[in-house]
Every structure is written in C-alpha cells, then in structure tokens.
Enquirer: 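To start, I am sharing the structure in question, which I have written as structure tokens.
Worth knowing before you read on, the calculation uses all heavy atoms, side chains too, and leaves out hydrogens, waters and symmetry mates. Proteins come first, then strands; the chains are lettered A, B, ... in the order of their sequence lines, and each starts at number 1.
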Protein chains: 2
Amino acid sequence: MSQTVDRALSILPLLAEGPADLGQVADRLGVHKSTALRLLRTLHEHGLVYRQSDQRYRLGARLFALAQEAVENLDVREIAHPHLVRLNETCGHTVHLAVYEENEVLYIDKVESRYPVRMYSRIGKPVAITVAAVAKLLLADLPEPERRALADKLDYPMYTARSTPNAPAFLKELATVREQGWATDLGGHEESINCVAAPIRGADGRVVAAMSVSAPNVVVTADELLTLLPLVRRTADAISHEYSGKPPAKEESSRRP
Amino acid sequence: MSQTVDRALSILPLLAEGPADLGQVADRLGVHKSTALRLLRTLHEHGLVYRQSDQRYRLGARLFALAQEAVENLDVREIAHPHLVRLNETCGHTVHLAVYEENEVLYIDKVESRYPVRMYSRIGKPVAITVAAVAKLLLADLPEPERRALADKLDYPMYTARSTPNAPAFLKELATVREQGWATDLGGHEESINCVAAPIRGADGRVVAAMSVSAPNVVVTADELLTLLPLVRRTADAISHEYSGKPPAKEESSRRP
DNA sequence: GTGACGTGTTGCATCATGTGCAACGGTCAT
DNA sequence: ATGACCGTTGCACATGATGCAACACGTCAC
C-alpha cells in the first residue's frame, strides 16, 4: 500500500539470506542505488539493519530485542510458562508451546529436555506445519473454509515415510485430531522423534495455543510417550482454565491513574 | 532520512510495549488516522504486524522468523556452537555467547545448565552491559575514544552492592580486563550468580565475540568456578582459531555458477 | 426504535517527499 | 598514474504520501 515502506521492508528478508552490499540491495529491489541507500539508512537508524566492518549490511540487533519484547507480551505464554516448567520437571522431556498466526505455526516457548539428547528447535522458528502435533491441533480448530484453503496452499514435504503426504490426508488427520482433542507426531518430522500434544483453549472454547512433549526413540518408545498423554492434557487444561479465568488483569497497561 | 519509512518503523517499538488500536498508533505517531492505517497495512503485508481478533495491532510472526534467520547467519555463532555444547557437557553450567553491536551487547547463543537451578537470560536479550563479564571483554576491545564515549553515556544501575558504580570504575575495570585477557562477574548482576568469560578473536586479533560460563553460588562457589577459567580460555581460543582459519568459505552465497 | 457517538475505511486534491540522474570522492588493483 | 568500482551528495522533477471530509458500521443510551 505504501511503496516506500514496502520497498524498505522488502530489504529485511533479503538481508536475512545473508549480508549484502548497497549495489546488491539496489539491484534486487529494482531501484537506484541512491534510493536503496536512503532506505538502508532509515532502517539503520532504527537499528533493524547493521553495517558491518566490510561495509555490507546485515540484520541488526534491535530486531532481536523487538522479537523478544513481542514474545514476552503474549499473555498465553506468560501464563503457560510455569506449567511447562513443572511438566518438564515431572517427565524430563522437551516441552513446547506454539501458536498459529497468519498461515504459520510457531514456537513461542520451550523448556529443554533434561536428557542429553536434545532435539533441534528454537523459539520463533516456524514449525513443520504439515506434521507437527501442535500444528495439527491449531489448524484443526480453524473455521472450515480457512482450514481447507490453507491445506490446499501448503506444501507437503516428505521428511520421512510417515510424513503427511497431501492435502486430503492432512484434512482427514485434522478431522481426527479435532474429534479426539489431542494429537501426535510419530516420526513424521524426524524419523526418531515422537510428540504428543494437547490444545489450550480460551474462554470461548477456541484453541489459542498448543503444547507438546517431544522425545527421541532412544530415550522412550512411542508407546511409553503416549502414557504421558493424560498428564499433558491435564496440564493444557490447567493452562486453559487459568487463561480463561483472568484475562482482564494487566493493570499496568492503563496509563492514566 | 525517509520520513514515511521512519514513521512506519516507529510503530514497531510502540507496539512492542503492547497491542494498540489504530487511533492510539496515529496519535503517538502524530499523523492522521488514514496515514497510520496505510502504514500499518504495509507492515501487515510484510507480516511484521498482526491484527488480533479485537482489531488491535501487535507485533507479528515474521519478526521472529527474521530474528531467527539473522542469528543463524552469524558465522561466529555457527562455528562456536559445537564448542559451547562440548564445554557445557564437560562442566554442566550455562554457557553464553555474546557480541557487541551498536552500543549494545547481546546474547546470540546459549546452552542451558544441566543443573536444576537455571539463570534467566534469553537469546536476543540485551545484556546488563556494565557488569556482565562478556560485556567487559567486548567493550574493553573498542577503540579508546569510542569506549570512553560509550562509558560516559551508560547508566550504572546498582543491581547489587558489587555492581560497577560509575564510568571511571568501569573504564578501570575494562583496562584490567583488556590487560589480562579474561573477565569475571562476581555477583555484580545477581547477588548469587558468578561468571567467567573469555574473548573470541578474529584473524586481525580484534574481539568479535565473547563467551562465558555462569553458575549460581548454590551450585559452585566463585573460587570453584574460577578453576574453570583455563578451560574456558582454551575453548575460546579454539573458536578463535577456527574462526580466523576459514572465513572466506560459504560457497552457497554466490548465486551464479 | 432512534440518534449520537466511537470506530475503521475510502476517494480525492494538494504538495511534500521520495525518486533517478549525474557528478564527486574515495579505495583498490593493475 | 590510471581506470574501474563502489558509496555518497545535490538537485530538479513528478510520483506518491498526506490530511481532509465523507462514509460505513457497530455499540450504547435513552
């Protein structure tokens, strides 16, 4: 809608691929060097872009700080965190919290496994949406047309032989998940890793987040992991309850006494 | 430099404080509602801003993804990570990696303690710059005028009785650190937490990053932690060595065969 | 039910602002 | 020295961002 801003923001994903110099930025934006320079300068002033010693640009520090503050302002996360920690203390495995937003599912919190073998994931990282247990829960709750539209639009990479292969299979799986109120990922993303997940619901019953427990085969078998399901569901329900209970808190946000 | 982009970017920190509606954004920017609307729409298209169900705006998901990709492109981090993990496996404590950028020091990697008591910190979070051991190392290596200017500009919050109280004390400490080539923080940030840190240097000898091991008093005393210093320094040197060795790698970034 | 707010949204005329150009000034390699 | 290359600056032009006013839609009071 706003050409200038649009161009400026297009620089960010471009730099996310790696550092680039002025000429490269200008070329890929399709604008004159001087224009690119002014855009980069503005981004720089706001700390979103950093100029490294070789004069090339890369993404800047404020970006982290912003993402940081953003994630800390999510009230689901705030409420859920102590529950996640407690669950981790009980079972020892990696615990994740994820939300759906704008065609993506992403982790917003994580408590690391206490076992030496850990899985790779990181807060802020978009989740493998077609296979992850938390993603299934979040998408299963979308309004039907939106769910269908999204399912059609997605790619279905075959991470393993047990990955969801295509849209119909995915929609069928979502129906099951929606029905039973929990979800699993048994080796659908990484051959040796299994997850069980449960939904967190707001006061209106809609799924606002999902949490999961993940563990590699070498630590516990899929069957053993499934025995944790009741515990995971109880934890998710506890969070749901607390979340629905007191949403109007947060006194500090009103600025006038 | 570019007014439009400047205004648009100013929205981000504003939303970082918490969700806001169109009117609030327009007011705080000092522009007309319609202008704010167009800016927000552009930000929205790029996923930097999300419109929640109550129509208010908050920071969006792409922000995380960007911060994510940015941190993964830092080659120091990439090289250092396995070393940090190994160090953590040896000593069991929390290991941090930090860089200096634009008047801030921030963590770019972290391996959690294997002890139940963990310290609060998060990747992307700006570090307590006047007391943290890694910050001392990074600032100690700045060119003298810049270091002095920065030291004068900083605040010196007294987190504890052992926090650095003011600029002269800080500069003195930096001189010591620069001299000895390592740094500590003994209860300067949190009464019961100690750190030892060592610098990672590029081929030209300049400090490009710093790493630290942190542990609370309840796990090991400060003296015990100090016995790890040689190990920490060896690790940092190993990273420095590897980092200086092969910086021109990264073949994939050239797009034409 | 009706009217009066408080929202977010759209079309449009004005001119401020962003734009590309061309010229300048460094740095590096030959 | 010389040329090629890259970042930077000043400037004239017109594109595109701006604020206004009017509209649309909801909520609330009465």
Enquirer: What is the 5' to 3' range of DNA chain D, first to last nucleotide, that sits under 4.0 Å from any heavy atom of chain A?
Expert: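 Terminal contacting nucleotides, 5' to 3': dG7(D) to dA17(D).
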Enquirer: To the nearest Å, how far apart are R38(B) CZ and dC12(C) P?
Expert: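 Taking atom P of dC12(C) as the reference, CZ of R38(B) is at 15 Å.
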Enquirer: Would you mind reporting whether H44(B) and E102(A) have side-chain heavy atoms less than 4.5 Å apart?
Expert: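 In short, these two side chains touch, coming nearer than 4.5 Å.
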Enquirer: Among K136(A), R178(A), R147(A), which residue satisfies the salt bridge (Lys or Arg N to Asp or Glu O under 4.0 Å) criterion with E173(A)?
Expert: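 Considering K136(A), R178(A), R147(A), a salt bridge (Lys or Arg N to Asp or Glu O under 4.0 Å) with E173(A) is found only for K136(A).
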Enquirer: For G30(B) and for D21(A), find the nucleotide of DNA chain D with the closest heavy atom, then tell me which residue's nucleotide is more 5'.
Expert: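 Per heavy-atom nearest nucleotide, the more 5' residue is D21(A).
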Enquirer: How close or far is atom P of dT10(C) from atom CG of L40(B), stated in whole angstroms?
Expert: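 It works out to 14 Å between those atoms.
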Enquirer: Whole Å only: how far is the CZ atom of R7(B) from the C1' atom of dG18(C)?
Expert: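 Those two atoms, CZ and C1', are 13 Å apart.
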Enquirer: Should S2(B) be listed as having a side-chain N or O under 4.0 Å from OP1 or OP2 of dG18(C)?
Expert: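 Yes, such a contact exists.
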Enquirer: Say you draw a straight line from CG of L154(A) to CG of L139(A); how long is it, rounded to the nearest 0.5 Å?
Expert: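 Rounded to the nearest 0.5 Å, the CG-CG separation comes out at 7.5 Å.
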Enquirer: Taking C-beta and beyond as the side chain, do L171(B) and R148(B) meet within less than 4.5 Å on heavy atoms?
Expert: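 In contact.
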Enquirer: Expressed in angstrom and rounded to an integer, what is the separation of L29(A) atom CG from dG20(C) atom C1'?
Expert: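 The distance from CG of L29(A) to C1' of dG20(C) comes to 15 Å, rounded to the nearest Å.
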Enquirer: Do the side chain of T130(B) and the main chain of T164(B) share a donor and acceptor less than 3.5 angstrom apart?
Expert: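 Answer holds: no.
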Enquirer: Contact between L9(A) and L9(B) at the side-chain level, heavy atoms closer than 4.5 Å - yes or no?
Expert: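 In short, these two side chains touch, coming nearer than 4.5 Å.
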Enquirer: Whole Å only: how far is the CD atom of Q55(A) from the C1' atom of dG25(C)?
Expert: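 One finds 13 Å between C1' of dG25(C) and CD of Q55(A), rounded.
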Enquirer: Regarding R41(B), tell me which of base, sugar-phosphate or nothing describes its non-hydrogen contacts under 4.0 Å with the strands shown.
Expert: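 Sugar-phosphate contact only - R41(B) comes under 4.0 Å of backbone atoms but never of a base.
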Enquirer: Students often get this wrong, so: under 4.0 angstrom with heavy atoms, is S34(A) touching a base, only sugar-phosphate, or nothing?
Expert: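 Touches a base.
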Enquirer: Anything under 30° is parallel, anything over 60° is perpendicular, the rest tilted; go ahead and classify F170(A) against Y156(A).
Expert: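 Geometry flag for Y156(A) against F170(A): perpendicular rings.
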Enquirer: Going by an N to O cut-off under 4.0 Å, is there a salt bridge joining R41(B) and E45(B)?
Expert: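 A salt bridge is absent here (no side-chain N lies under 4.0 Å from a carboxylate O).
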Enquirer: Give me the distances for all protein-to-nucleotides 27-30 of chain C N/O pairs that come in under 3.5 Å?
Expert:
none

Enquirer: Would you say Q52(B)'s side chain and D54(B)'s backbone share a donor-acceptor pair under 3.5 angstrom?
Expert: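 Flag not set: sc Q52(B) to bb D54(B) has no pair under 3.5 Å.
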Enquirer: If the cut-off is 4.0 Å, is T4(A) near the phosphate of dT17(C), judged by side-chain N/O to OP1 or OP2?
Expert: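 For T4(A), the contact criterion (side-chain N or O under 4.0 Å from OP1 or OP2 of dT17(C)) is not met.
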Enquirer: Would you mind telling me which residue lines up with the more 5' stretch of DNA chain D, R51(A) or V5(A), judged by nearest nucleotide?
Expert: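 Closer to the 5' end of DNA chain D: R51(A).
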Enquirer: Base, sugar-phosphate alone, or nothing: which one does R56(A) contact when heavy atoms must sit under 4.0 Å apart?
Expert: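 No contact.
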Enquirer: Within this structure, what is the CD-to-P distance between Q3(B) and dT17(C), rounded to whole angstrom?
Expert: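 Atom CD in Q3(B) sits about 4 Å away from atom P in dT17(C).
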